[in-house]
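Input: a single structure, listed below in structure tokens.
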Amino acid sequence: MNNFKLFKKKDNTGKEPLSIERFFKMPVTYIIMALMVVIIACITFYAMEISTGDKIAEGVSINGTNFSRLSKDEALAEIRRAPKLSDKEITITSGGQKTSFSGGDIGLKTDVEDTLELIYKQGRGKNVFSDIVRRVQLYFKPESFRYVYSVDKPSLEKIIYDFGVLVNGELKNYNIEYGDGYIDVSNGEKGQSKDVSKAYEQVKVALDEEKYDGIEVTLEKSEPSEPSLDSLYDETYLEPQDAKYEITDGTVIMTAEVVGRQIDKIEAGTQLERLRNGETVRLKLIAIMPKVTLAELNAKLFNHTLAQYSTMYSVSDKNRSANLTLAAAKINGIILAPGSIFSYNDAVGPRTAENGFKEAPIYENGETVQGMGGGVCQISSTLYSAVLYADLQVVQRRNHSMTVGYVPKGQDATVSYGSIDFRFKNNTGYPIKIVASAVGGKATVAIVGTAPDVRRTVKITGKVISSTEPTVEEIQSNDLLTGKKQVVSKGKTGYVVETIRIVYENGTEVKSENIGRSVYKMVPTKVLVGAKVPEPLAPLPPRETPTPVPTDVPEPTPANITPDESTE
């Protein structure tokens, strides 16, 4: 055993390697130092091993609960089991008075994530050497931490301030009492300061130390501010407000005007010294009238018919008449605010039987056919004409494919739900209302609004740019004999028309605008031409000789002839 070598080979110096025998013959100090090195190395290795893992450092606890070597998930679950701080009763005192409130009143609660972060970062996050030192420190000297909590600052500050008002009284700056056309101004009173930051921090420190009862706070008083001429003027000034209206769900809601007020700065300046000396001073209020009153607004709204237009229709077509009446009823009474856009399709809705419409003649592909809602275009065209004469802004409009008989060329507006709409904008400064009806063969649409400040008239002209007379389209018919003709549909002349709107104010032309160009198709006259050849006539039968008819005349009897008598 004595001959056993720790290292069997000699080193480069030729010295004998260290053996166990030689190790124990070394001085005690060296042995202790060697052992310390081994221990420190082991601890260092342990600390480094822990710092690279997902474990809380050894020696970490919270309020006596050991969190050493717990994973983050395990630590998080343990933190969540902490007592609820919202149930804590908290008492603050000042000047021999006190008030109590619960943790829930100030939103006091354990901040789980911040608490976990606090203990998890112990021994990690800076650098490897400082982390190892911190781990070794915690290993030999465990440390207990407190739960991190949070409070709702505005709620706590309000409780402190209300308590301050109870202790110190309410701070009152100069007082203003309003009378009928005047104000009385008096000095204020010293009281609790609005700034409670010092007391707030004192409560926070106590909560950090988990102290909830008998928290002494410092509540400070403030002197009332002295009024300056500008501050007194600003505080008493009231801006006038005009009467106004708003349109909600098609109803006009009016709001009355507000009369403003202000003080006379010159008069107030002469009274401030008396106020500073503790006297109460009276100042006159000057009324500031608004520009628009409720009475004036009521008198302006819907006081004038901007335009009205009527078209005629035949009452003999019951379905078409019913469609006109229904469409007029759907747009009747609609109110448009300034700047808003009216949509005919949105107002009238789908032309379906469920919506109350019936089948009636419509234009389709250059022909007149039966279609659901036939006739609604006459109401849209009547409305369009009224819009033109009311000098409103046209947003979307399309003419019919062929001319119509109920409005002049260029003043019609065709519509088709889901594809073709008629829209216009209220470009006046006030709301407008549509008044529409279709009764007894007459459809009428009026635009009612506010009378302009000047006398305004509108002239609409349709300038024919070109026209195309209908051609004749002959259709062979085997139902007509050759040489015969029959007109089955009368054609329509095609037109290109430009619509011009001229506006006059007090008799003077102020605007002339080209509203747009309408192109109407030419529709040929359709004529049936006979193609049936007449059948040849059959020959007459021969005439027969009539047979004599016998009579009842007796046959003659022979005469008696004697020799003595003879004749010749």
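Residues take their numbers from the sequence shown, with the count starting at 1.
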Just checking [X]: does its [atom1] atom have more than 12 heavy atoms from other residues, nucleotides or ligands closer to it than 6.0 angstrom?
X    : atom1 : answer
E267 : CD    : yes
I266 : CD1   : no
D453 : CG    : no
K484 : NZ    : no

[X] and [Y]: side chain donor to acceptor below 3.5 Å:
X    : Y    : answer
N355 : Y417 : no
D105 : S102 : yes
Y430 : K300 : yes

Kindly determine whether S419 and R398 satisfy side-chain hydrogen bond (donor to acceptor under 3.5 Å, both in side chains), including the steps that lead there. CA-CA 11 Å; S419 58; R398 185 186 296 182; over 6 Å; no
Does [X] reach the side chain of [Y], with side-chain heavy atoms less than 4.5 Å apart?
X    : Y    : result
S437 : N332 : no
V435 : T444 : no
S518 : Y495 : no
T450 : N303 : yes
V369 : I362 : yes
T493 : E469 : yes
L392 : N427 : yes
S310 : M312 : no

Should I247 and V252 be marked as a side-chain contact (heavy atoms from CB on, under 4.5 Å) after you check the CA-CA gap, both sets of side-chain angles, and the distance that decides it? CA-CA 5 Å; I247 299 175; V252 178; 4.2 Å; yes
Taking 4.0 angstrom as the limit, do E246 and K244 come out as a salt bridge? no
[Y] backbone acceptor or donor facing [X] side chain under 3.5 Å:
X    : Y    : value
N323 : G374 : yes
T525 : G491 : yes
S477 : G530 : no
S381 : C377 : yes
Y147 : V112 : no
R397 : D412 : yes
N399 : G410 : no
D421 : N345 : yes
T293 : A243 : no
T499 : I515 : no

Distance in Å, [X] [atom1] paired with [Y] [atom2], rounded so as to fall on 0.5 Å steps:
X    : Y    : atom1 : atom2 : answer
M402 : T414 : CE    : OG1   : 10.0 Å
K492 : M522 : NZ    : CE    : 13.0 Å
E474 : K485 : CD    : NZ    : 4.5 Å
L85  : L108 : CG    : CG    : 4.5 Å
E78  : T115 : CD    : OG1   : 12.5 Å
Y178 : T236 : OH    : OG1   : 5.5 Å

Might you point out which heavy atoms bring [X] and [Y] nearest each other, and give the distance in Å?
X    : Y    : answer
A327 : V348 : O-CG2, 4.4 Å
T110 : P83  : OG1-O, 4.3 Å
G375 : L324 : O-CD1, 3.0 Å
S321 : V315 : OG-CA, 3.4 Å
S71  : K55  : N-CD, 4.2 Å
V259 : A287 : CG1-CB, 4.1 Å

Between E177 and N175, is a side-chain contact (heavy atoms from CB on, under 4.5 Å) present by the stated rule, with each step listed? CA-CA 7 Å; E177 292 186 2; N175 183 53; 3.5 Å; yes
Option passing side chain to side chain contact (heavy atoms under 4.5 Å, CB included) with I432 (candidates N426, I335, V448, V387): N426
T311: which of Q378, K442, Q411 passes side chain to side chain donor-acceptor pair (under 3.5 Å): Q378
Less than 6.0 angstrom from the centroid, inside 45 degrees of the normal: does K153 satisfy that with respect to the ring of Y200? yes
Parallel, tilted or perpendicular: which describes the rings of F342 and Y344, with under 30° parallel and over 60° perpendicular? perpendicular
Trace of the side-chain contact (heavy atoms from CB on, under 4.5 Å) decision for Y384 with L388: CA-CA 6 Å; Y384 174 54; L388 290 179; 3.7 Å; yes
Set of residues satisfying salt bridge (charged side-chain N to carboxylate O under 4.0 Å, His left out) with respect to R320, sequence neighbours excluded: none
Sequence-distant partners of E498, salt bridge (charged side-chain N to carboxylate O under 4.0 Å, His left out), two or more places apart: R517
